[in-house]
Structure formats: C-alpha cells, structure tokens
Amino acid sequence: MPSDDTRKLLKAFGVAVTSLEDAIDRRAPLEEIARWDQALADRTREVIDFVDRLRSRRIA
C-alpha cells in the first residue's frame, strides 16, 4: 500500500501538471506559466528521484 508520502508526492505532481495545463489553456500571463512550469520541473525531479529510490529497494 502506498505511503502517505507517496500519495502527497503524486498529488503535488498532479496539481503541477493540471495547473500548468490550465494556465496555458487560459492564456495566463507568462510569469504565471513560468511559475507552474518551474513547479512541474521540480515535481518531476522529485518523482524521478523517488522512483530511483524505489527501484533500488527492489534490486537490493
């Protein structure tokens, strides 16, 4: 069963994805789009790091 930390990480990733998409679709100011783009990049790195740690547990 996924931990609360896993759920929080995936929720934050989902919020960043949908917020960036929404900002682009409604033609928000460039500064807002850039903020969500940066947030998504940060969350993506966190997800990749998490997956790497998870995979290393499987292999160890």
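As the structure is a computational prediction, the values presented were derived from the model and not from experiment.
- Between R26 and E21 there is no side-chain heavy-atom pair separated by less than 4.5 Å.
- Pairing each heavy atom of L20 with each of W36, the nearest pair is CA-CB, 3.8 Å.
- Taken together through direct or relayed side-chain contacts under 4.5 Å among Ile, Leu, Val, Met, Phe, Trp and Tyr, V17 and L10 form parts of separate hydrophobic clusters.
- With rounding to the nearest 0.5 angstrom, the CZ atom of R35 is 12.0 Å from the CD atom of Q38.
- When atom types are taken as modelled, the side chain of S19 and the backbone of A16 share no donor-acceptor pair closer than 3.5 angstrom.
- Between R53 and D49 there is no salt bridge, since no side-chain nitrogen of the basic residue lies less than 4.0 Å from a carboxylate oxygen of the acidic one.
- Residues meeting the salt bridge (charged side-chain N to carboxylate O under 4.0 Å, His left out) test with E46, sequence neighbours left out: R43.
- With values rounded to the nearest 0.5 angstrom, I33 atom CD1 is found 13.0 Å from L40 atom CG.
- The structure places CZ of F13 at 12.0 Å from CG of D42, a figure rounded to the nearest 0.5 Å.
- L54 and I48 fall into different hydrophobic clusters, defined by Ile, Leu, Val, Met, Phe, Trp and Tyr side-chain heavy atoms under 4.5 Å apart, directly or through other members.
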